[in-house]
Q: 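Below: one structure in structure tokens.
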Amino acid sequence: MEIKKISDYEWEVQKEGAMKVPVRIYASEKILKKMQEDQCIKQGMNVATLPGIQKRVIMLSDSHQGYGFAVGTVAAFDTENGIISPGGIGFDINCGVRVLTTSLKKEDVEPKIKELLEIMFRNVPPGVGEQSKFKLSKEELDEVLKKGVDWAIENGYATEEDKRHCEEYGGLEQADASKVSDTAKKRGKSQLGTLGAGNHFLEVQSVNKIFNKEIAKKFGINEEGQVVLMIHTGSRGLGHQTCSDYLRRIERESPEIINKLPDKDLAYAPADSKTAKDYFGAMCAAANFAWVNRQLITYQVRNSFQEVFGKEVELKLLYDVCHNIAKIEEYEINGKNKKLYIHRKGATRAFGPGKKEVPETYRDLGQPIIIPGTMGTASYVLIGTNEAMQETFSSTAHGAGRVMSRTQANKTFRGEKIKQDLEKNNIFIKATSWKGIAEESPGVYKDIDEVVKVSDKVGIGKIVCRLTPLGVVKG
Amino acid sequence: MKYKYISHTADAKLQAFGKTLEEAFSNSALAMFNIMTDTSKLKPRIKHKISIKSENQEALLYDFLEKLVFFIDTEGFLLAKVNKLKIKDNKLEAEVSGEKFTNQDVHSYIKAVTYNDMFIRKEKEKYIVQVVLDI
């Protein structure tokens with residue numbers, strides 16, 4: 001493969017063989033080297049061979065090997081003669097992250113952080129086998145799938161402002177609950193309002209550095225030391241099963257498609273097929289479920305803060321972003337406006353100023369982007385740009401991106417030691433398992449500062465502020 | 001050796017072995033649950049019967065493991081043992097036992113089974129199955 005350097009942070013894999021478009025990689029030299037150690041660039045080249053792919057495959061600075069599509073990939077396909085691919089979105093449909101701002105300061109929270117973590121841990125069921133505190137009937141679950149955050153408003157779990165500050169206003173109207181299988185619904189029913197394990201977390205953070213005061217202020221970030229709360233989770237078993245159901249359906253219905261693919265996980269449905277339509281409806285429904293999931297957790301987190309700091313504490317939703325999803329968006333391709341299925345798998349939408357999809361509060365600035373880091377390091381809030389709209393189908397990185405396997409992490413790190421080390425830096429952890437801590441320790445991820453720097457330097461997301469952890473609840 | 005884990009950046013890759021295809025399938029289930037918890041500490045308190053028909057062997061392995069993930073999500077089931085498992089003409093009949101999640105040390109969670117790098121091979125007198133799980 002030939003990788004051409006475009007700038008210090010942009011590289012391009014030239015078209016070769018069956019590739020219909022090139023692969024554009026956003027990375028520093030250091031990150032590019034890491035990417036070359038696994039299969040992720042090869043996976044990007046596979047995506048470039050799929051029908052109806054537009055302009056270029058995008059691999060962001062947090063890319064790492066996935067199944068079929070690498071994590072950190074953006075791929076745009078024609079909605080008329082292109083495709084939609086469940087694997088290009090990922091099993092955890094609408095996995096995403098939100099930030100809530102508070103009026104509390106670091107000094108207010110630090111003395112009570114352990115108590116706060118205990119209470120959040122109790123109120124938000126974190127890990128495996130933990131059952132939802134919200135008991136829903138089958139009909140109610142269908143309402144959740146249809147309405148998203150609107151359902152949460154109707155039931156007193158969300159405010160109108162919460163809705164306004166969610167990507168897609170917390171609900172995709174193309175959702176079709178009847179296209180989500182009963183198996184998926186059964187998996188999801190007992191999991192609404194639960195965090196899940198792995199890399200999902202609740203994190204109490206403080207603003208460590210503000211890079212753009214004016215924008216930060218608009219986002220409700222007023223000063224360094226201000227406390228915020230981050231939630232990272234997705235659609236739980238309901239989303240995973242939906243992805244799997246459609247991968248299997250494509251496999252059964254269209255062996256001729258599967259047999260031609262270099263990797264079965266690239267399975268796709270032609271855009272004009274019934275399967276594509278059904279999958280898109282189901283995916284939107286699963287996305288709505290994920291928004292409600294994050295909203296119910298928000299509700300429990302608000303209660304937890306009030307329990308510790310009193311009724312007057314207010315947690316305002318800054319924004320909620322999805323980083324595993326496909327959307328229909330319009331872009332100019334060869335001078336013509338085209339509707340495209342934008343697949344973002346481990347990528348965050350990064351709309352610049354002026355788009356109606358961005359809430360009025362932020363519209364003249366651009367969309368807030370939230371990029372979570374790891375337990376011991378930092379997370380970032382950025383803002384979307386016009387450059388992202390032109391260069392990356394309005395997308396930027398989504399997280400740190402793993403560099404070490406869980407097996408290796410367990411050999412290298414001990415959960416107890418990681419916890420002690422973090423406590424020395426005043427970062428407290430409440431988790432279900434020591435091994436779980438070891439598997440998610442900061443050393444298994446790329447350097448988040450470096451990942452975010454790439455987006456900022458290229459201009460596909462400008463840094464607004466840096467957040468550092470005070471305490472983490474992990475599933 | 002019943003199974004082993006192979007390094008994979010983001011997910012969990014495993015190989016399971018057996019003298020028969022049935023044994024290799026059973027060991028892949030054990031390997032999957034050992035990612036979550038130490039299965040040797042679990043007791044066979046509850047039973048599940050599984051009956052699946054798929055279009056080929058790989059699909060059968062996928063569907064079998066996914067069925068077990070379904071039990072995890074819907075009732076917190078943790079597998080201790082595969083009591084019986086029969087495969088004939090891409091049809092699988094099995095009985096598994098384990099216990100409900102209460103306060104076991106569960107440190108990881110299986111999101112999904114994938115086809116990534118999956119294979120089922122017979123080498124001399126041994127069957128090997130390989131699966132990558134999304135976790």
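Every chain is numbered from 1 and lettered A, B, ... according to where its sequence line falls, protein lines coming before strand lines.
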Q: Hey, what do you get for OH (Y115(B)) to CG (D263(A)), rounding to the nearest 0.5 Å?
A: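 Here the rounded value is 12.0 Å.
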Q: Counting only heavy atoms from other residues, nucleotides and ligands, does the tally under 6.0 Å from CD of E256(A) exceed 12?
A: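 Enclosed.
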Q: Does atom NZ of K33(A) have more than 12 heavy-atom neighbours, drawn from other residues, nucleotides or ligands, at distances under 6.0 Å?
A: no
Q: Under the side-chain hydrogen bond (donor to acceptor under 3.5 Å, both in side chains) test, which residues partner E95(B), sequence neighbours left out?
A: N83(B)
Q: Check whether Q241(A) gets within reach of chain B through its side chain, its backbone, both or neither, counting any heavy atom under 4.5 Å.
A: side chain
Q: For the residue pair R187(A) and F71(B), would you count it as a cation-pi contact if the rule is NZ or CZ under 6.0 angstrom from the ring centre and within 45 degrees of the ring axis?
A: no
Q: Find the distance between OH (Y5(B)) and CG (N410(A)) and round it off to the nearest 0.5 Å.
A: 11.0 Å
Q: Measuring from Y109(B):OH to S433(A):OG, what's the distance to the nearest 0.5 Å?
A: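 OG of S433(A) is found 15.5 Å from OH of Y109(B).
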Q: Quick one: which of E439(A), K186(A), E251(A) has the most heavy-atom pairs under 4.5 Å with chain B, could you say?
A: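 Highest number of heavy-atom pairs under 4.5 Å: E251(A).
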Q: The criterion is side-chain contact (heavy atoms from CB on, under 4.5 Å); which residues satisfy it with S441(A), sequence neighbours excluded?
A: F413(A), I418(A), V444(A)
Q: Sequence neighbours left out, what passes ring pair (Phe, Tyr, Trp, His ring centres under 6.0 Å) with F17(B)? Give chain and number order.
A: none
Q: Counting only heavy atoms not in K67(B) (residues, nucleotides, ligands), do more than 12 fall under 6.0 Å from its NZ?
A: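 No, because the 6.0 Å sphere around NZ of K67(B) holds 12 heavy atoms or fewer from other groups.
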Q: Give a yes or no on this: more than 12 heavy atoms of other residues, nucleotides or ligands lie within 6.0 Å of atom NZ of K91(B).
A: no
Q: Heavy atoms under 4.5 Å from chain A: which residues of residues 47-66 of chain B carry them?
A: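 S54(B), E55(B), N56(B), E58(B), A59(B), Y62(B), D63(B), E66(B), listed by number.
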Q: Do the side chains of D73(B) and Q191(A) get nearer than 4.5 Å, heavy atoms only?
A: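 Answer yes - side chains close enough.
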Q: Have a look at Y67(A) and tell me which of N116(B), T114(B), D134(B) forms a side-chain hydrogen bond (donor to acceptor under 3.5 Å, both in side chains) with it.
A: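 Testing Y67(A) for a side-chain hydrogen bond (donor to acceptor under 3.5 Å, both in side chains) against N116(B), T114(B), D134(B) leaves exactly one candidate, D134(B).
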Q: Kindly compute the distance separating NZ (K111(B)) from OG (S235(A)), expressed to the nearest 0.5 Å.
A: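 Atom-to-atom, K111(B):NZ and S235(A):OG are 8.5 Å apart.
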Q: Within a radius of less than 6.0 Å around CZ of R122(A), do more than 12 heavy atoms belonging to other residues, nucleotides or ligands occur?
A: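 More than 12 within 6.0 Å, yes.
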Q: Drop me the distance from L133(B)'s CG to F91(A)'s CZ, to the nearest 0.5 angstrom.
A: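 One gets 10.0 Å once the value is rounded to the nearest 0.5 Å.
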